[in-house]
Amino acid sequence: MRDHMLQTVLVALDGSACSFTATTLALDWARRFDARLLGLGIVDEPSIHRPEPVPVGGGAYRKARDEARMADAHHRVAGFGAEFRARAAGAGVHAEVLEEQGEPAERIVFEAQRADVVILGRETHFNFETPERRDATLAQVVRSSSRPMVIVPQTLPEGTGVLVAYGGGREAARTLQLFALLGLAAGETLDVVTIHRDPAQARATARAAGDFLSAHHVIHRVHTVGSSAAPAEILLEEVESRRPRLLVMGAHRGHPLRDLFATSVTREVLGSCPVPIFVGA
């Protein structure tokens with residue numbers, strides 16, 4: 001019987017450098033936890049068919065152009081899937097490929113229901129019409145996903161252990177619980193860092209997290225930082241000094257009509273953190 005609950009990992013494929021690195025991590029987790037691995041390629045049909053002014057008599061040209069773009073997009077997505085299968089086979093991992101058509105963030109959020117965790121590159125490039133620019137998929141998925149996510153930078157630096165940013169709020173507590181219950185803490189040493197302007201409050205919060213981890217037999221150490229400085233700045237300094245291979249943190253979702261990244265430390269940490277970040281649902 002497995003000693004963890006991680007059964008299925010979904011990784012989004014867009015052909016970018018971040019997607020390649022996300023796949024590297026997904027393959028590692030699939031092999032390490034004997035989990036089912038799904039690769040998701042998406043044809044961004046809404047972008048290809050988005051409304052735009054057409055000169056008189058240009059309808060036929062527009063139709064032919066869009067059909068050519070759709071064919072090219074399907075061809076590229078099929079190529080991402082083929083590369084993914086080849087990498088999985090080379091790593092000794094059985095993988096399945098899903099090819100979907102639609103708005104990328106919506107498709108990822110929907111297909112996430114199949115999985116326990118979603119792995120996504122920090123920069124996403126699902127809009128093939130503007131490959132030099134990242135799109136807004138990541139922010140939309142983090143805001144709406146029903147599953148925890150791992151957000152992966154362009155490279156995977158060397159590191160050991162897991163750093164947990166723990167502030168005691170609902171998002172942080174739920175994220176730590178998900179991480180532990182999925183069995184992702186198995187074989188790891190967790191460094192729990194609590195930041196608060198009141199050192200006594202920081203210690204009390206850190207102890208609560210430590211008690212939870214002890215109950216789940218997770219090896220851990222707790223650290224407190226009493227400071228009124230910006231939490232994101234302190235957290236990034238902790239990552240730099242401790243050099244973990246993964247950061248675990250809650251993401252404040254904020255109001256659904258606002259930009260998540262403008263209302264919390266999530267924006268700064270996700271944009272600058274040099275290691276993958278596990279973000280709870």
From T8 atom OG1 to L38 atom CG, the distance as rounded to the nearest 0.5 Å: 6.0 Å

Pairwise distance CZ(R32) to CG(L25) - rounded to 0.5 angstrom: 9.5 Å

E158 atom CD: more than 12 heavy-atom contacts under 6.0 Å: no

Check: T224 side chain, A202 main-chain N or O, donor-acceptor pair, under 3.5 Å: no

Within-4.5 Å side-chain heavy-atom neighbours: L178 and V117: no

Geometric class of the W29/F33 ring pair [parallel <30°, tilted 30-60°, perpendicular >60°]: perpendicular

Reported CZ-to-CD distance for the pair F179 and E188, which is rounded to 0.5 angstrom: 6.5 Å

Closest non-hydrogen atom pair, V275 against P153: C-CD, 3.8 Å

Pairwise distance CZ(R174) to CG(L181) - rounded to 0.5 angstrom: 7.5 Å

Side chain R242, main chain D191, donor-acceptor under 3.5 Å: no

In one Ile/Leu/Val/Met/Phe/Trp/Tyr side-chain cluster, 4.5 Å: F110, L13: no

Distance in Å, I151 CD1 paired with E123 CD, rounded so as to fall on 0.5 Å steps: 12.5 Å

Euclidean distance, L138 CG relative to L270 CG, rounded to 0.5 Å: 6.5 Å

T21: partners by side chain to side chain contact (heavy atoms under 4.5 Å, CB included), with sequence neighbours left out: V152, L156

Exam field: side chain T160 to backbone R243, donor-acceptor pair closer than 3.5 Å: no

Closest contact, heavy atoms only, D116 versus M5: OD2-O, 3.7 Å

Under 3.5 Å donor-acceptor, S272 side chain and V269 backbone: no

Expected output: side-chain H216 to main-chain V218 donor-acceptor under 3.5 Å: no

Heavy-atom closest contact (A35 atom, L6 atom, distance): CB-O, 4.0 Å

Option among R36, R85, R114 that satisfies the salt bridge (charged side-chain N to carboxylate O under 4.0 Å, His left out) test with E96: R36

Closest heavy-atom pair and its distance - P104, D44: CD-OD1, 3.4 Å

M70 vs E45 side-chain heavy atoms within contact, under 4.5 Å: yes

R31 atom CZ, over 12 foreign heavy atoms within 6.0 Å: yes

Over all atoms of both residues, closest heavy-atom pair of L37 and A26: CD1-CB, 3.8 Å

Any donor-acceptor pair under 3.5 Å from R107 side chain to L40 backbone: no

Test item: S145 side-chain N/O and V141 main-chain N/O as donor-acceptor pair under 3.5 Å: no

